[in-house]
Amino acid sequence: MRHSAAHVMAQAIRELYPNAQFAFGPETDNGFYYDVKIPDGALKSEDLPKIEKIMQRISKGRHPFEKKDMGRNEALAFFTSQEFKIKALEGLLKDEQSVSVYTQDGFSDLCRGPHVEHTGQIGAFTIDRIAGAYWLGDSKNEPLQRVYGLCFATKEELKEYKTMMEEARKRDHREIGKKLELFSFHEEGAGFVFWHPRGLTIFNLLIEFIRAENGKRGGKEIKTPEILSVDLWHKSGHYDNFRDNMYFTTAEDKPYAVKPMNCPGSILVYKDGLHSFRDLPLRLMEIGHVHRFELSGVLHGLFRLRAFTQDDGHIYCAQEQVEGEISSFVDAVFSVYGVFGFEDITVFVSTKPEHAMGSDEMWENATAALKVALDKKGVQYKIKEGEGAFYGPKIEFNVKDCIKRNWQLGTIQVDFSMPERFGLEFVGSDGARHRPVLLHRAVLGSLERFLGIYIEHVAGLFPAWIAPVQAIILPVTDNQNEYAAQILAQLKAQGIRAELDLASERLNKKIRNAQLAKIPYMVILGEKEAESKNISVRLRSGENVNEIQVSQFTQTVGGLCASHSTLLWPEIPPQQATAAE
RNA sequence: GCUGGCGUAGCUCAGCUGGUAGAGCAGCUGAUUUGUAAUCAGCAGGUCGGAGGUUCAAAUCCUCUCGCCAGCUCCA
């Protein structure tokens, strides 16, 4: 349907620009696009509504899509005025005996199909935007204009999608990060994030959380240097495979590299001593800060940085322990994601790529171990053929956020290559030296990216346990300032991250400011509270819990935080995350 | 990196075809002492991203550069 819509769009564009040249026009996840070239001109944004209008007309005409097979030479003759179709026939399709051509309403296009029966079946669509593209996606080739359309079976779905996009725009973590004073970016360091006090509070709480999770599961934390001799990176293979993404520096004429990954450092720690089979599996975790050079055009808020922090881990184990380690890692992933409200998790197993190290037997064993571990747990997964790392197969974990976008987070990879390159060993029960298997794993991946995703997932409405400011105290008048200061001290003494608003403003304004800062608890202190020595609490969700004791508040909040609850108050349903102001 | 768009006060933005900058919010000061989403008034705040150039005159035009945004770097 979407692909058929692309043909209809091409027809509409040809009507506006009769000599338009068409390249490729496939479907996308939510619509379609077509790459076009307008000789001696360009499509303008004013053209989009016109195109859409013509498309509506064509659609209403219910013109049938007719398929015709023709020989390659016949097609070459047929498309003489379409330079890109010729190029396609002479390039990509040069080995084909015959190709197919689809025609609707007098417009013919080279196409493998299939198509819907007639143009009335292309559903609800709209022309979205124009962007730049190149013939075959190579910037050395001729520039084209890519016209994007959205297309869904029904108007309702189209509308739903538009609403979702609007919602996504409002949740943009870059905007929320600015409004909530979490972090900033500066020209002086493109691609590097500057954490502000509130953002760093969240970041540190996240580390604290993941550190505890790792510890619970037998992880031992290490920390390795950020700059290491280039020799090490030659040995690890990063210099050969990853050099373009690395930063280099020199001191005393010796070349160094800033680490883009933590594994070589971890391996040096492992190698610093002899290991018995009794030590395995050895799970070395590292909250590692890595630098990776990325092309300027791909930088994107916290999602794509040039320096970020991984909740990395390297597990050294015997071959027969791999399955068990995978199994417990999967448990960890599901458990951790659940805490953040990511319930919809998709699992992929990526298999041997074209360029790979190690024997087929090794790959088969490792891939089988991954699959068996997942099967035994009853975890459904999909295969990504040939998408594994060059050193081993991997499992990838995707989550769906509350507006149904997919994100890849954790991964666990089996590595036979590094243990070989670095000559890793352990002494087995037989007294002989054996080679351990290395598992690379990360639950959250990049903490920065994870926080970006999480910010958008909750639209900045952090649960109490990770909210940078948990409570703000709002005296109704200056007469309560002194009482408010006492309450502040009490809350802080109980470990609540609290602040006090002493501005000479009305309560309404203070509440508004607190709401905009998305602070979970507003502690309101007026004459009544000062007298009774109680506090009244307004929840961010609008509910009130009036006239309670401070200890009741701190115990309740403490309990909710300890369990990482998403509730703001017991028995009050959690706040629906919306991007509203 | 490439293509296109954008860059004006801390933030969000206005500033027509060139005549050397303006609003709201935030900030500061004062008044007000207020009970569940914006009290009033005053003040202060900008080498218009940066560097060149055209011009009597540049935020406005040109060149370069930096950054941001969208897209591309799979796909008849």
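Throughout, a chain's letter reflects where its sequence line sits, starting with A, and its residues are numbered from 1. Only a predicted model underlies this, so the values are computations on that prediction, with no experimental measurement involved.
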* Main-chain N/O of Ala464(A) paired to Gln470(A) side chain as donor or acceptor, under 3.5 Å -> yes
* According to the Watson-Crick and G-U wobble definitions, with both distances under 3.5 Å, which nucleotide is paired to U73(B)? -> none
* Answer with base, sugar-phosphate or nothing: what part of the nucleic acid does Asp35(A) contact at a heavy-atom distance below 4.0 Å? => nothing
* To do: Give a yes or no on whether a donor-acceptor pair under 3.5 Å exists between the nucleobase atoms of U33(B), that is its base, and the side chain of Asn479(A).
  => no
* How long is the span from the CD1 atom in Ile127(A) to the CE atom in Met9(A), to the nearest 0.5 Å? -> 5.0 Å
* Structure fact -> Taking U36(B), U33(B), U39(B) as options, the one with an atom nearest any side-chain atom of Arg506(A) is U39(B)
* Check whether any side-chain nitrogen or oxygen of Ser296(A) sits under 4.0 Å from OP1 or OP2 of G1(B), and answer yes or no. => yes
* Asked: Nearest-Å distance, CG (Leu295(A)) to C1' (G1(B))?
  -> 5 Å
* Check whether the side chain of Ser504(A) and the base of U32(B) form a donor-acceptor pair under 3.5 Å. => yes
* Pairwise C1' distance for C56(B) and G42(B), with rounding to whole Å -> 40 Å
* **Per Pro26(A) side chain, nearest of listed nucleotides C72(B), C75(B), A38(B)** => C75(B)
* May I ask you to verify whether the side chain of Tyr33(A) and the base of C75(B) hold a donor-acceptor pair under 3.5 Å? => yes
* Structure fact -> Considering only heavy side-chain atoms of Arg146(A), the closest of U73(B), U34(B), A37(B) is U73(B)
* Are Lys533(A) and Glu547(A) within salt-bridge range, i.e. N to O under 4.0 Å? -> no
Using atom types as modelled, flag every donor-acceptor pair under 3.5 Å from a side chain in residues 72-81 of chain A to any protein atom, sequence neighbours excluded.
from: Arg72(A); atom 1: NH1; to: Leu89(A); atom 2: O; distance (Å): 2.7
from: Glu74(A); atom 1: OE1; to: Gly71(A); atom 2: N; distance (Å): 3.4

* Structure fact -> Taken to the nearest whole Å, CG/Leu568(A) to P/U36(B) is 21 Å
* Asked: Ignoring hydrogens and angles, are the base of G35(B) and the side chain of Gln480(A) linked by a donor-acceptor pair under 3.5 Å?
  -> no
* Structure fact -> The complete set of side chain to side chain donor-acceptor pair (under 3.5 Å) pairs with one or both residues in residues 180-196 of chain A, sequence neighbours excluded, reads Ser184(A)-His186(A), Ser184(A)-His196(A)
* Electrostatic pair Lys394(A):Glu396(A) at N-O distance under 4.0 angstrom -> yes
* To do: Please check the phosphate of U36(B) (OP1 and OP2 only) for any side-chain N or O of Tyr521(A) closer than 4.0 Å.
  => no
Polar atoms only, N or O, under 3.5 Å: list the protein pairs with nucleotides 9-14 of chain B and their distances.
from: U12(B); atom 1: OP1; to: Lys178(A); atom 2: NZ; distance (Å): 3.1

* Asked: Are Arg2(A) and Phe32(A) in a cation-pi contact, defined as NZ or CZ under 6.0 Å from the six-membered ring centre and within 45° of the axis?
  -> no
* Does a salt bridge link Lys37(A) with Glu83(A), judged by any charged N lying under 4.0 Å from a carboxylate O? -> yes
* Whole angstrom value for the distance that separates C1' of U39(B) from CD1 of Ile511(A) -> 15 Å
Between the protein and nucleotides 47-49 of chain B, which nitrogen or oxygen pairs are less than 3.5 angstrom apart?
none

Distances under 3.5 Å between nitrogen or oxygen atoms of protein and nucleotides 24-28 of chain B:
from: A26(B); atom 1: OP1; to: Lys509(A); atom 2: NZ; distance (Å): 2.9

* To do: Would you kindly give the CZ-to-C1' distance between Phe192(A) and G67(B), to the nearest whole Å?
  => 14 Å
* Between His186(A) and Asp172(A), which is nearer to the 5' end of RNA chain B once each is assigned its nearest nucleotide? -> His186(A)
* Assign His300(A) to base, sugar-phosphate, or nothing according to its heavy-atom contacts below 4.0 angstrom with the strands shown. => sugar-phosphate
* In the strands shown, is U63(B) matched to any nucleotide by a Watson-Crick or G-U wobble pair with both distances under 3.5 Å, and which? -> A51(B)
* Test item: Glu543(A) side-chain N/O and Leu539(A) main-chain N/O as donor-acceptor pair under 3.5 Å -> no
* Asked: Of Leu525(A) and Ala88(A), whose closest RNA chain B nucleotide lies nearer the 5' terminus?
  -> Leu525(A)
* Ignoring hydrogens and geometry, is there a side-chain-to-backbone donor-acceptor pair from Gln515(A) to Arg540(A) under 3.5 Å? -> yes
* **Residue pair Arg171(A), Glu167(A): steps toward the salt bridge (Lys or Arg N to Asp or Glu O under 4.0 Å) verdict** => CA-CA 6 Å; Arg171(A) 286 166 182 257; Glu167(A) 182 69 20; 2.9 Å; yes
* To do: Answer with yes or no whether Asn544(A) presents, from its side chain, a donor or acceptor under 3.5 Å of a partner atom in the base of U36(B).
  => yes
* To do: Write down the distance between CZ (Arg304(A)) and C1' (G71(B)), rounded to a whole number of angstrom.
  => 14 Å
* To do: Have a look at Asp478(A) and say if it touches a base, only the backbone sugar-phosphate, or nothing, with a 4.0 Å heavy-atom cut-off.
  => base
* Asked: Between Phe194(A) (CZ) and C68(B) (P), how many Å, whole number?
  -> 11 Å
* To do: Compute the ring centroids of His63(A) and Phe107(A), then answer whether they are less than 6.0 Å apart.
  => no
* Asked: Does Arg174(A) have a side-chain nitrogen or oxygen under 4.0 Å from the phosphate oxygens OP1 or OP2 of C69(B)?
  -> yes
* Sidechain N-carboxylate O distance under 4.0 Å for Arg169(A), Glu166(A) -> yes
* Asked: Across all strands shown, which nucleotide pairs with A23(B) by Watson-Crick or G-U wobble geometry, both distances under 3.5 Å?
  -> U12(B)
* Just compare G71(B), U32(B), G35(B) and give me whichever is closest to any side-chain atom of Tyr148(A). => G71(B)
* Asked: Who pairs with Arg174(A) by salt bridge (charged side-chain N to carboxylate O under 4.0 Å, His left out), at least two apart in sequence or on another chain?
  -> Asp172(A)
* For Gly542(A), which contact category applies under a 4.0 Å heavy-atom criterion: base, sugar-phosphate, or nothing? -> nothing
* Tell which nucleotide pairs with A38(B), taking only Watson-Crick or G-U wobble pairs whose two distances are both under 3.5 angstrom. => none
